[in-house]
*Asks:* 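My questions all concern the structure below.
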Amino acid sequence: MSKQRTKLVVGNWKMHGRLAENAVLLQAVAQGAGELSADVRVGVCVPGPYLAQAQSLLSGSRVVWGAQDVSAFTQGAYTGEVAASMVVDFGASLVIVGHSERRAYHRESSELVAVKAQRVLEAGLTPVVCVGETLEEREAGSTEQVVGDQLDAVLVKLSDVEAARIVVAYEPVWAIGTGKSATSEQAQAVHAFLRSRLAAKGAAVADVPLLYGGSVKPENAEELFRQPDIDGGLIGGASLKAQDFLAICKAAGAASVAG
Ligand code: PGA
């Protein structure tokens, strides 16, 4: 069982936003976050061009910010790529790596995801490593195999000290953007499995935050976050609406008190 009491809620804006609407959203989230219980940590991962805006509007607030991907290279002739060190220049602290949309649409392998996680750690940032099975894989009974392999591919490249600095997000592909969240039992079962894989890497690694993602909403957040191995959430669609995102953050606070 997790010893963590603090919860972490991270928004993943994906490819959404414009300067004007971001300003309204970021200001509302920064303000609302100030009223949350001290047990809740909040972050938002924005599209790269908006990192400067996130830095200017979130500095001094309780909300941290980050990117949704990063290059596997440190610098050089890689047109279109963004290095982890560039993300650091904008005061970010988080980078999502291995989101299922990148695995599916950009053919990112678990090995590439592992290299990206290394680059993020080297830059002094926290990688939010995403794992998750497709519906087909779940129905074939291979959920644990799939998420276990995805996680192990990253862990094998990291020292214990590095591994203790990551965040893991379990996001079943069939639950992302579909409105169909995993039940709290389904999510907890996979989280418990992932926790045991992390524990096998080292005692300090067992306690890294394990987030659930996939159609988290204000209505289902608290129930999910009450599960012993669910330390918070990675929030897509609902992170674009300040009211919903803050309600999810509040649910995390309530769950941490109950937990
Ligand atoms: P969703 O996305 O909350 O819109 O389902 C979650 C994610 O993809 O991180």
Side-chain angles (χ1 to χ4, degrees), residues 7-17 21-22 25 29 40-48 50 54 63-70 92-108 110 113 116-117 120 126-135 137-138 143 146-147 150-151 154 166-184 186-187 190-191 194 209-225 227 230-252 255:
K7 301 284 179 185
L8 172 64
V9 180
V10 178
N12 172 14
W13 286 9
K14 310 196 179 184
M15 199 171 71
H16 292 288
E21 68 198 45
N22 298 347
L25 177 55
V29 169
V40 185
R41 293 186 295 146
V42 184
V44 288
C45 291
V46 303
Y50 299 130
V63 184
V64 298
W65 57 97
Q68 300 166 13
D69 182 40
V70 86
S93 52
L94 302 168
V95 181
I96 298 171
V97 295
H99 190 281
S100 62
E101 286 151 15
R102 295 213 58 90
R103 291 179 191 262
Y105 307 141
H106 302 274
R107 299 183 190 281
E108 292 197 3
S110 291
V113 173
K116 290 186 171 193
V120 172
T126 300
V128 180
V129 178
C130 300
V131 301
E133 83 287 3
T134 62
L135 184 58
E137 289 162 341
R138 173 162 283 264
T143 298
V146 170
V147 300
Q150 289 172 338
L151 181 62
V154 174
I166 72 172
V167 169
V168 176
Y170 168 57
E171 298 204 307
V173 177
W174 47 272
I176 294 176
T178 58
K180 189 175 179 279
S181 161
T183 64
S184 52
Q186 283 172 322
V190 179
H191 279 234
L194 291 169
L210 256 177
L211 312 183
Y212 168 79
S215 297
V216 179
K217 314 177 257 267
E219 304 81 61
N220 61 12
E222 189 174 337
E223 168 69 15
L224 284 159
F225 297 161
Q227 303 308 307
I230 301 185
D231 303 317
L234 184 55
I235 319 299
S239 73
L240 299 171
K241 292 186 203 129
Q243 211 183 347
D244 286 1
F245 187 59
L246 288 166
I248 291 168
C249 295
K250 272 202 192 104

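Count residues from 1 along the sequence. Order of appearance sets the numbers: ligands from 1, and atoms from 1 within every ligand.
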*Asks:* Tell me: protein heavy atom nearest atom 3 (O) of ligand 1, and distance?
*Replies:*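 It is Gly236 N, 2.9 Å.
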*Asks:* So Tyr170 and His191, would you call those rings parallel, tilted or perpendicular, with 30° and 60° as cut-offs?
*Replies:*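 If you compare the ring of Tyr170 with that of His191, the planes turn out perpendicular.
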*Asks:* Quick one: does any side-chain atom of Gln150 pair with a main-chain N or O of Ser110 as donor and acceptor, under 3.5 Å?
*Replies:*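 Looks like no, no N/O pair under 3.5 Å.
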*Asks:* Could you tell me whether the side chain of Lys217 and the main chain of Gly179 form a donor-acceptor pair under 3.5 Å?
*Replies:*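 Looks like yes, one N/O pair under 3.5 Å.
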*Asks:* Under 6.0 Å from the CD atom of Glu21, do we count more than 12 heavy atoms belonging to anything else shown?
*Replies:*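 Atom CD in Glu21 is packed in, count exceeds 12.
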*Asks:* Could you tell me whether some N/O pair between Gly237 and ligand 1 is separated by less than 3.5 angstrom?
*Replies:*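 Looking only at distances, the answer is yes, because the N/O contact criterion of under 3.5 Å is met.
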*Asks:* What do you reckon, does Thr178 have a nitrogen or oxygen under 3.5 Å from a nitrogen or oxygen of ligand 1?
*Replies:*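 Between Thr178 and ligand 1, no N or O pair is found under 3.5 Å apart.
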*Asks:* Given 3.5 Å as the limit, does a donor-acceptor pair link the side chain of His106 with the main chain of Glu108, or not?
*Replies:*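 A pair under 3.5 Å: no.
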*Asks:* Report, in ascending order of atom number, the atoms of ligand 1 lying under 4.0 Å from any heavy atom of His99.
*Replies:*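 So the atoms of ligand 1 that pass are 7 (C), 8 (O), 9 (O).
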*Asks:* Gln68 side chain to Cys45 main-chain N or O, any donor-acceptor pair under 3.5 Å?
*Replies:*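 Yes, the answer is positive, given that a donor and an acceptor are paired below the 3.5 Å cut-off.
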*Asks:* Any donor and acceptor pair, going by atom type alone, linking the side chain of Asn12 with main-chain N or O of Gly236 inside 3.5 Å?
*Replies:*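 Between the backbone of Gly236 and the side chain of Asn12 there is no qualifying donor-acceptor contact (under 3.5 Å).
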*Asks:* Should you measure from each heavy atom of Glu171, which atoms of ligand 1 turn up under 4.0 Å away?
*Replies:*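 Those atoms are 6 (C), 7 (C), 8 (O), 9 (O).
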*Asks:* Is ligand 1 under 4.0 Å from a heavy atom in the side chain of Asn12, in the backbone, in both, or in neither?
*Replies:*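 The side chain, only.
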*Asks:* Check whether any side-chain N or O of Lys7 sits under 3.5 Å from a backbone N or O of Ile230 as a donor-acceptor pair, and report yes or no.
*Replies:*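 Checked: pair present.
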*Asks:* Give a yes or no on whether Lys250 atom NZ has more than 12 heavy-atom contacts from other residues, nucleotides or ligands under 6.0 Å away.
*Replies:*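 Open.
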*Asks:* With heavy atoms under 4.0 Å as the rule, classify the contact between Ala238 and ligand 1 as side chain, backbone, both or neither.
*Replies:*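 The answer is neither; Ala238 stays 4.0 Å or more away.
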*Asks:* Suppose I only count heavy atoms of Ser215 and a 4.0 Å limit; which atoms of ligand 1 are within that range?
*Replies:*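 Numbered from 1, ligand 1 contributes 1 (P), 3 (O), 5 (O).
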*Asks:* Closer than 4.0 Å to some heavy atom of Ala175 - which atoms of ligand 1 meet that?
*Replies:*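 What qualifies from ligand 1 is 5 (O).
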*Asks:* Provide the number and element of each atom of ligand 1 under 4.0 Å from a heavy atom of Lys14.
*Replies:*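 Here the atoms of ligand 1 in question are 2 (O), 7 (C), 8 (O).
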*Asks:* Taking both backbone and side-chain atoms of Gly213, is any N or O found less than 3.5 Å from an N or O belonging to ligand 1?
*Replies:*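 No, no N or O pair falls under 3.5 Å.
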*Asks:* What I want to know is whether Gly214 and ligand 1 share at least one N or O pair that is separated by under 3.5 angstrom.
*Replies:*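 Among all N and O atoms of Gly214, none is under 3.5 Å from an N or O of ligand 1.
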*Asks:* Check ligand 1 against Gly177 and write out every atom of the ligand that is under 4.0 Å from a heavy-atom position of the residue.
*Replies:*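 Contacts of ligand 1 toward Gly177, numbered from 1: 1 (P), 4 (O), 5 (O).
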